[in-house]
Amino acid sequence: MAEGLYERIYAAVKRIPEGRVATYGQIAAMIGIPRGARQVGYAMAALGRGRPRPDIPWHRVVNAKGESSIGGEQISRLQAEGVVFGTNGRIDLKLFGWDGIEEAE
DNA sequence: ATCCTGACTGTTC
DNA sequence: AGAACAGCCAGGA
């Protein structure tokens, strides 16, 4: 181990099934860091900085309100996966929110 | 090596 | 309902 904390975050993000979205706080909680939502956001930001972008579906990570914190490409990608945005630009976490459990195929 | 910035959340008033 | 406070890690200059 001795992996960076970000590595764990990226791993959790990769677990998000297609067509579903997870919140920053949810990712943080599932890897064991309460109140670590910010760290998750930082990790995502680090992806677009200088870090290479592996196959991390960062676009599937949204804020607690169910909307994209950055918008732009993120929203386009989510819609391409079938995620529907409300009139206010928010997603129904009850419908697209990921429970942290991958659906069996 | 140090300082600054960056894609958040829940609680309380 | 809107605003403020506190907690957290890594990378770039």
Side-chain angles (χ1 to χ4, degrees):
Chain A
M1 320 144 18
E3 315 168 328
L5 173 60
Y6 285 18
E7 289 297 315
R8 285 189 246 177
I9 297 173
Y10 300 147
V13 174
K14 284 195 222 168
R15 286 168 59 173
I16 304 174
E18 188 178 299
R20 280 267 142 49
V21 296
T23 66
Y24 292 94
Q26 191 155 2
I27 298 291
M30 83 170 53
I31 63 179
I33 43 177
R35 264 86 176 185
R38 205 156 188 176
Q39 271 35 290
V40 177
Y42 292 159
M44 300 290 106
L47 286 176
R49 277 190 202 230
R51 274 280 220 236
R53 343 182 201 219
D55 29 318
I56 301 173
W58 55 269
H59 55 273
R60 290 191 190 135
V61 185
V62 297
N63 62 29
K65 291 176 217 155
E67 67 164 89
S68 323
S69 298
I70 56 178
E73 196 176 310
Q74 164 124 19
I75 298 177
S76 300
R77 288 181 180 230
L78 288 175
Q79 291 179 328
E81 293 191 348
V83 178
V84 180
F85 282 74
T87 26
N88 42 5
R90 287 203 230 139
I91 307 169
D92 259 333
L93 294 178
K94 297 186 195 295
L95 301 176
F96 301 100
W98 181 40
D99 294 1
I101 311 164
E102 293 186 55
E103 297 179 17
E105 303 176 44

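To find a chain, count down the sequence lines: A is the first, B the second, and so on, and within it residues start at 1.
Residue contacts shown for A:Ile70 include a base, since a base heavy atom lies under 4.0 Å away. In this structure, A:Gly25 reaches the sugar-phosphate backbone alone: every heavy-atom distance under 4.0 Å involves primed, P, OP1 or OP2 atoms, never a base.
Minimum heavy-atom separation, A:Ile91 to A:Val62: CD1-CG1, 4.2 Å.
Placement of A:Leu95 and A:Ile75 within a single hydrophobic cluster is found when ILVMFWY residues are connected by side-chain heavy-atom separations under 4.5 Å, directly or transitively. A:Ile16 and A:Val21 end up in different hydrophobic clusters when Ile, Leu, Val, Met, Phe, Trp and Tyr side chains are linked at under 4.5 Å.
Screening A:Glu81, A:Glu73, A:Gln74 against A:His59 for a side-chain hydrogen bond (donor to acceptor under 3.5 Å, both in side chains) leaves a single residue, A:Glu81.
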Q: Go through the steps to decide whether A:Arg77 and A:Val83 satisfy the test side-chain contact (heavy atoms from CB on, under 4.5 Å), and finish with yes or no.
A: CA-CA 9 Å; A:Arg77 288 181 180 230; A:Val83 178; over 6 Å; no
Q | Check against side-chain contact (heavy atoms from CB on, under 4.5 Å), A:Arg60 and A:Trp98 | A | CA-CA 10 Å; A:Arg60 290 191 190 135; A:Trp98 181 40; over 6 Å; no
Q: Could you encode protein contacts along nucleotides 1-6 of chain C as a string, one character per nucleotide from 5' to 3', using B for base contact, S for sugar-phosphate-only contact and - for no contact, with a heavy-atom cut-off of under 4.0 Å?
A: ------
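Screening residues 13-22 of chain A for side-chain hydrogen bond (donor to acceptor under 3.5 Å, both in side chains) gives A:Arg20-A:Glu103 as the qualifying pairs, with residues at least two apart or on separate chains.
Annotation: of the two residues near DNA chain B, A:Ala64 and A:Tyr6, the 5′-most nearest-nucleotide partner is A:Tyr6.
Looking at A:Tyr10, its side chain does come within 3.5 Å of a backbone N or O of A:Ala43 through a donor-acceptor pair.
Interface limits on DNA chain B: the 5'-most and 3'-most nucleotides within less than 4.0 Å of chain A heavy atoms are B:dG6 to B:dG10.
Taking atom OH on A:Tyr42 and atom P on C:dG7, their separation rounds to 13 Å, with Å as the unit.
Separating the C1' atom of C:dG12 from that of B:dA1 is a span of 14 Å, rounded to the nearest Å.
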